[in-house]
Amino acid sequence: MQLTLKSVSYVYNSDAVEPRYAVKDVSFTLNKGEFVGLIGHTGSGKSTLVQFLDGLLKPTSGQVLCDGEDIFEKGYPLRELRKKVGLVFQYPEHQLFESDILKDVCFGPKNMGCSQEEQLERAKKAIALVGLDESYYTKSPFDLSGGEKRRVAIAGILAMGPDILVLDEPTAGLDPAGRDEILDQVERLNKEEGIGVVLVSHSMEDVAERTDRILVMSGGVLQYDDTPRNVFRHREELAALGLDIPQVTDICHTLRDKGFDIPEDILTVAEAKEEILKVLKKS
Amino acid sequence: MKIIDILHLIHEYKVYDDDEQEVGSVRALNDVTLSLEEGSFVVVLGHNGCGKSTLAKHLNALLLPTEGMVYVCGNNTQEEDDIWKIRKNAGMIFQNPDNQIVGNVVEEDVAFGPENIGVPTEKMVKRVTEALKKVGMEAYRLNSPNQLSGGQKQRIGIAGMLAMRPKVILMDEPTAMLDPSGRKDVLNIVHELNKKEGMTVVLITHYMEEAVDADRVIVMDGGEIKMDGTPREIFSRVDELKNYRLTVPQVTELAWELKKEGVDLPDGILTKEELVEALCSLH
Ligand SMILES: Nc1ncnc2c1ncn2[C@@H]1O[C@H](COP(=O)(O)OP(=O)(O)OP(=O)(O)O)[C@@H](O)[C@H]1O
Ligand SMILES: Nc1ncnc2c1ncn2[C@@H]1O[C@H](COP(=O)(O)OP(=O)(O)OP(=O)(O)O)[C@@H](O)[C@H]1O
Ligand SMILES: [Mg+2]
Ligand SMILES: [Mg+2]
């Protein structure tokens with residue numbers, strides 16, 4: 001499945017004297033199976049943008065195409081699209097409402113018309129995928145810690161078996177191990193099952209390590225659309241946009257300035273280690 | 001001088017079934033004993049559900065001990081008559097800045113807390129001005145809080161708390177929703193309040209980098225305190241931290257990995273500058 005945004009713009013206060021663009025003239029295509037990071041300062045338009053992808057928001061102008069078809073044309077089966085594009089909202093735990101966790105995660109499959117048996121099978125698999133064990137099945141979502149709730153909410157979307165998984169800051173508030181577990185699972189779903197991923201994040205480290213491509217938003221405008229290595233070359237520009245580069249990338253930039261012969265596009269601790277060891281061995 | 005004294009604190013949440021019948025309890029804090037020095041900057045780390053928020057809520061009497069005692073500025077949280085003194089002395093900031101905005105105009109929002117505790121109007125203006133100045137938001141006095149960025153909203157939240165003139169600032173993941181610059185802003189402000197005004201800070205976070213400049217780092221697990229020391233001591237124990245589902249800042253991780261390969265580096269490197277200097281001396 002391929003999703004294309006064509007010159008989309010969005011204005012929340014269209015009746016106001018001075019309408020403000022939350023998203024302005026953004027175009028890009030998500031290819032099948034791609035792992036894309038979406039970063040940008042708070043209020044840059046990320047959450048607005050991702051809601052176009054499953055047709056939840058209709059752009060004020062521009063088009064959203066799924067495999068070439070305009071999803072806002074009359075008669076387009078939006079319901080079908082929403083099964084294929086799984087959107088996990090920012091702070092999804094606000095949407096938990098069933099009396100126990102198993103029921104909550106079954107909700108999506110139930111809505112899709114799955115048999116009770118299949119609902120349970122999908123729900124249990126999804127709950128395991130987010131790293132919660134069986135003892136959670138009967139717990140009430142309201143008695144969980146922040147991070148536990150987040151996992152349940154993600155499981156709810158995974159249970160629907162989407163082709164593209166859109167995650168709006170899925171790891172904010174998760175502990176480091178939980179962050180890695182969820183992102184490892186997402187990466188595995190991407191690599192092994194070919195599920196496309198859009199990951200909205202404020203963690204430069206996470207997008208640097210995991211994604212194939214990064215979109216950078218600023219003030220509603222798409223500033224960069226490039227590989228992680230190319231995007232994180234722009235240290236000063238990103239800082240001016242309220243962003244940053246990963247700490248290891250920054251360390252390597254500084255070592256280079258001090259005469260170390262290492263590449264400037266290092267993204268992970270493992271890469272940095274290797275390059276530094278090479279330099280130290282030579283000297 | 002001790003400003004917070006926690007003695008053998010146990011907290012149990014009661015669990016109810018669908019008919020609101022009590023069916024059991026969850027022990028969220030298990031015999032916690034801890035005292036904090038006035039003017040110290042303390043960071044609390046720990047996995048999701050380990051009891052951090054529960055602990056923080058005991059420090060401004062939002063929760064009361066199942067067993068044990070909590071003293072804040074000498075007041076016992078279980079003395080009903082002292083609850084307002086405690087809430088005035090220990091101000092709390094939560095994760096989501098949107099949830100704590102109450103006014104239509106920034107200054108109204110900041111005045112809300114002090115108004116509630118009966119600060120007279122003439123004093124109020126001064127307090128609000130002072131608080132806004134301390135967080136660098138004077139220029140936004142008459143703006144609508146809804147039009148501010150996440151980092152700015154969080155600053156307004158902090159100003160509202162400062163207007164209460166607390167001695168202790170409790171922050172429960174105040175940066176989880178913010179972009180990298182917003183995160184730096186909030187951290188800088190609390191460090192300044194700690195240094196210049198001598199305020200005691202208790203900061204709960206899942207960002208390890210935010211613990212680097214603390215006086216003291218506390219690691220919790222399963223409702224208990226497992227580690228307690230300076231950032232350098234704590235972050236030298238990488239394996240132990242990983243056991244508790246935590247990690248170390250990327251710079252510390254890189255140094256640790258290099259050390260394992262035989263590179264002669266000191267333990268517990270915490271900043272880019274330290275690592276770069278150590279590597280340059282080997283180069
Ligand atoms: N329901 C709404 N009504 C009016 N304005 C809105 C609404 N939702 C968002 N906005 C505005 O649109 C702009 C883009 O918001 P959006 O939520 O898409 O940003 P974001 O990049 O997701 O930010 P964050 O990182 O804080 O989640 C912001 O200026 C925001 O204030
Ligand atoms: N209202 C409640 N009723 C029952 N159990 C609860 C309640 N609130 C929290 N708990 C449980 O108490 C434990 C501690 O929760 P707490 O919110 O203090 O964790 P935390 O360390 O702040 O986690 P997080 O990092 O996810 O915010 C968890 O196991 C949680 O499930
Ligand atoms: Mg958002
Ligand atoms: Mg918490």
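Just so you know, these numbers come straight off a predicted model, no measurement behind them. Letters go in sequence order (proteins before strands), and every chain restarts at 1.
You'll find the side chain of L246(B) reaches within 4.5 Å of the side chain of M208(B), heavy atoms only.
The contact between L243(A) and chain B is made by backbone and side chain atoms together, counting heavy-atom distances below 4.5 Å. Of the atoms belonging to L279(B), heavy atoms from both backbone and side chain fall under 4.5 Å from chain A. Both the backbone and the side chain of D250(A) come within less than 4.5 Å of a heavy atom of chain B. Proximity to chain B (any heavy atom under 4.5 Å) is restricted, for D143(A), to the side chain, taken from C-beta onward.
Checking each of Q152(B), Q154(B), R155(B) against D185(B) for a side chain to side chain donor-acceptor pair (under 3.5 Å) leaves exactly one that passes, namely R155(B).
Chain A forms more heavy-atom pairs under 4.5 Å with one residue of P180(B), C50(B), S181(B) than with any other, namely P180(B). Annotation: maximal heavy-atom pairing with chain A below 4.5 Å, among E253(B), K52(B), E261(B), K242(B), occurs at E261(B). Interface summary for chain B: among R20(A), R179(A), K139(A), E181(A), the most heavy-atom pairs under 4.5 angstrom belong to E181(A). The candidate from V26(B), V251(B), V263(B) with the greatest count of non-hydrogen atom pairs under 4.5 Å with chain A is V251(B).
Under the 4.0 Å criterion applied to side-chain N and carboxylate O atoms, D267(B) and K259(B) are assigned as salt-bridge partners. The pair R210(A)-D184(A) meets the salt-bridge criterion, since a charged nitrogen lies less than 4.0 angstrom from a carboxylate oxygen. Salt bridge annotation for K184(B)-D244(A): present, with a cationic side-chain nitrogen under 4.0 angstrom from a carboxylate oxygen. Between E148(A) and R151(A) there is no salt bridge, since no side-chain nitrogen of the basic residue lies less than 4.0 Å from a carboxylate oxygen of the acidic one.
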